[in-house]
Amino acid sequence: SDYPSGEQLWAAVEEMAARARAARIPFALLGGIAAQIYGSELLTRDVDFVAAAPLPGTTRRQRRLSFGGYRYMVSVPARREPIAADWILRDDALQLLYLDALQHAHPVRGSGGVPVVPAEHLVAIKMIANRARDQIAYFAILRARRADPRRVVVLLERFVTSRDIATHYVHQMLQAALMDLPDVET
């Protein structure tokens, strides 16, 4: 299907934020929207959050995310299909990294008062996911100088359990930080 407009995505963000605030559940933006706030130009089809608990009314029928959390479908104005909102409650080896990102989240310019995970946490999370679109996003964030590469290295060393994996990400991170990357044609 087609990509939702920025206005439609933000309507979904606002809906989810309102539900979380009403339930007093700590939450923060993550994923493609957060990457856009920090300098990525990639489009996204969904909205992602890290949170401390499920939203009220979540039932066993709700679609579960394989790594912990739920996918909610949010209806927004002027769009036939609802927008997927992934409500991430990691229950795997990366749980502590995500909880640390949530703990350090705060509203930033461009987030409409919605808390956003820090850029360094987002880069670390994108590096670990390591899909092509994640690589494009974290390179853009680094190129925009919105994340401190040294702090990303510290996060990876602190939260990635395997030393080999951490070393791999640190090497990748240093390459990204030191390269003078040409702008990506879109």
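The first residue in the sequence is number 1, and the count goes up from there.
Considering every non-hydrogen atom in both Leu102 and Ala28, the closest pair reads CD1-N, 3.8 Å. Of all heavy-atom pairs between His104 and Pro118, the closest is O-CG, 3.4 Å.
Ring geometry for Phe27 versus Trp87: interplanar angle under 30°, hence parallel rather than tilted (30 to 60°).
With rounding to the nearest 0.5 Å, the separation of CZ in Arg150 from CD in Glu120 is 10.0 Å. In this structure, the separation between OH on Tyr98 and CZ on Phe67 is 6.5 Å, given to the nearest 0.5 Å. Considering CD1 of Ile141 and CD1 of Ile136, their distance stands at 12.0 Å, rounded to 0.5 Å. Interatomic distance, CG of Leu122 versus CG of Leu29, reported as 10.0 Å (0.5 Å rounding). Separation of atoms CG (Leu97) and CD1 (Ile128) is listed at 5.0 Å; rounding is to 0.5 Å.
There is no side-chain donor-acceptor pair under 3.5 Å between Arg146 and Tyr38. In summary, the side chains of Arg63 and Tyr70 do not present any donor paired with an acceptor at a separation below 3.5 Å, with no hydrogens or angles considered.
A continuous path of hydrophobic side-chain contacts links Leu96 to Val123 [ILVMFWY only; heavy atoms under 4.5 Å].
In this structure Gln36 satisfies the side chain to side chain contact (heavy atoms under 4.5 Å, CB included) test together with Ile33, Thr44, sequence neighbours excluded.
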Quick one: side chains of residues 4-16, donor-acceptor pairs under 3.5 Å with protein atoms, not counting sequence neighbours, listed by atom name and distance.
residue : atom : partner : partner atom : Å
Ser5    : OG   : Glu7    : N            : 3.4
Ser5    : OG   : Glu7    : OE1          : 3.4
Ser5    : OG   : Gln8    : N            : 3.1
Ser5    : OG   : Gln8    : OE1          : 3.4
Gln8    : OE1  : Ser5    : N            : 2.9
Gln8    : NE2  : Ala78   : O            : 2.8

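Within a 6.0 Å sphere centred on CZ of Arg151, other residues, nucleotides and ligands contribute 12 heavy atoms or fewer.
Under a 4.0 Å N-O distance rule, the pair Arg80/Asp2 does not qualify as a salt bridge.
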- [ ] Test Thr58 against Tyr72 for side-chain hydrogen bond (donor to acceptor under 3.5 Å, both in side chains), laying out the working first.
- [x] CA-CA 9 Å; Thr58 300; Tyr72 300 95; 2.5 Å; yes
